[in-house]
Amino acid sequence: MTNSTTQTTSPDQENNTDLNALHKSQNAVVLLSGGLDSVTCLYWAKARYASVTAVSFDYGQRHNSELVAAKAIADAAEVNHRIIDIDIAQLGGSSLTDHSMIVPDGDADKFPNKKRDEIDNDAIPNTYVPARNTIFLSYALAVAEVTDSNHIVIGVSSVDYSGYPDCRPEYIAAFQHMANLATKAGVTGHHLSIQTPLQQLSKAKTIELGLSLGVDYGQTISCYQADANGLACGVCDSCALRRQGFAQVGIADPTHYQS
């Protein structure tokens, strides 16, 4: 007598299969800064959706090296890429747009790791750009409508980050709710979702995800004050978090630093 084992598919597996098939027929917009997180999201979206449009912003930031990187990354990934010009710098209030302000050195031990509900104004560095994610997501929302996209992908995280209030899950949920009330797509049944694949990932876990998707992190620029050649300062918040992430993964940091 031969014993046989019958494999059954759970409802959750069936639902996941159906959802994956649905995503493969849908389009997405990815916010692409040229940094580590956004490039991970780009490759995550490429593996998931039928078509991807990457959107970057020339918003008066301290340097344009990240835009040069974003263009090269989008070309290498073979995705549509749009660079949108907006002038947030005229509003001031951030060391990333106001050259009279000093970008603070990073201290990885002081970042609000897993403390998103304990954020206070004193914990938010001056690299926070007022309402930046709201502005960027609004433009991405318009691009999603004209590209017939169901999804907007943004690389926010509430684990290893600098404490920015517009990176929190409750903010993303609120924006998604607004997006489906305020757009033609939303009110005609073309549901829009904001995807945050890195929301619960540390920088190390983000790097591991990206490596599994084939990301070349040597192409990326995360530094808040990179020079004209794209060389990172090595001391700002973003550099500190990035360096810490590669150290935790146990691989060489491919970042190109200033001497």
Side-chain angles (χ1 to χ4, degrees), residues 28-42 44-45 48 55-57 59 61 66 86 88 91 93-97 103-104 106-144 150-183 186 191-210 222 224 236-242 244-245 248:
V29 174
V30 179
L31 293 178
L32 179 67
S33 69
L36 184 152
D37 295 332
S38 69
V39 174
T40 305
C41 285
L42 177 67
W44 179 87
R48 190 177 182 91
V55 177
S56 305
F57 296 93
Y59 63 93
Q61 58 266 58
E66 63 182 12
I86 51 178
I88 300 179
L91 303 176
S94 171
S95 62
L96 296 194
T97 58
V103 176
D107 184 347
D109 292 334
K110 294 180 180 178
F111 295 138
N113 187 10
K114 297 182 180 179
K115 295 181 181 178
R116 64 180 177 82
D117 294 325
E118 300 173 20
I119 293 172
D120 59 61
N121 188 57
D122 292 334
I124 301 174
N126 70 17
T127 51
Y128 165 67
V129 181
R132 181 175 61 177
N133 280 349
T134 301
I135 295 168
F136 286 1
L137 282 171
S138 296
Y139 274 91
L141 182 56
V143 174
N150 283 86
H151 308 279
I152 298 171
V153 186
I154 181 172
V156 295
S157 172
S158 55
V159 182
D160 286 337
Y161 76 129
S162 297
Y164 301 159
D166 54 1
C167 289
R168 293 174 296 165
E170 52 266 48
Y171 162 72
I172 296 298
F175 191 95
Q176 178 175 291
H177 179 68
M178 180 279 298
N180 283 289
L181 292 175
T183 58
H191 182 74
L192 293 159
S193 70
I194 312 297
Q195 299 288 338
T196 57
L198 313 183
Q199 186 64 262
Q200 303 301 327
L201 299 186
S202 66
K203 197 65 69 180
K205 291 297 183 182
T206 294
I207 292 168
E208 289 176 348
L209 172 62
S222 302
Y224 290 150
C236 67
D237 276 10
S238 188
C239 282
L241 282 167
R242 180 180 172 116
Q244 175 181 267
Q248 289 174 345

Do you see a donor-acceptor pair shorter than 3.5 Å between the side chains of [X] and [Y]?
X      : Y      : result
His191 : Asn180 : yes
Ser222 : Ser238 : no
Ser158 : Gln199 : yes
Tyr164 : Arg132 : no

[X] side-chain N/O to [Y] backbone N/O, donor-acceptor pair under 3.5 Å:
X      : Y      : answer
Gln176 : Ile194 : yes
Glu66  : Gly35  : no
Ser56  : Leu32  : yes
Thr196 : Leu198 : no

Hey, are the side chains of [X] and [Y] touching, using non-hydrogen atoms and a 4.5 Å cut-off?
X      : Y      : result
Val156 : Tyr171 : no
Trp44  : Gln195 : yes
Ile172 : Asp166 : no
Leu36  : Thr206 : yes
Phe57  : Ser33  : no
Asn133 : Phe175 : no
Cys41  : Pro197 : yes
Leu141 : Leu192 : yes

- line: Value for SG (Cys167) from OH (Tyr128), rounded to nearest 0.5 Å, stands at 9.5 Å
statement: To the nearest 0.5 Å, atom CD of Gln200 lies from atom NZ of Lys205 at 13.5 Å
task: Show your reasoning for whether side chain to side chain contact (heavy atoms under 4.5 Å, CB included) applies to Tyr139 and Val55.
output: CA-CA 9 Å; Tyr139 274 91; Val55 177; 5.6 Å; no
Taking every non-hydrogen atom, the tightest pair across [X] and [Y]:
X      : Y      : value
Ile207 : Gly245 : CD1-C, 3.6 Å
Val159 : Ser157 : N-OG, 3.1 Å
Val30  : Ser38  : CG1-O, 4.2 Å

query: Sequence neighbours excluded, which residues qualify as side chain to side chain contact (heavy atoms under 4.5 Å, CB included) partners of Ala140?
result: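 Side chain to side chain contact (heavy atoms under 4.5 Å, CB included) check on Ala140 returns Val29, Leu31, Ile152.
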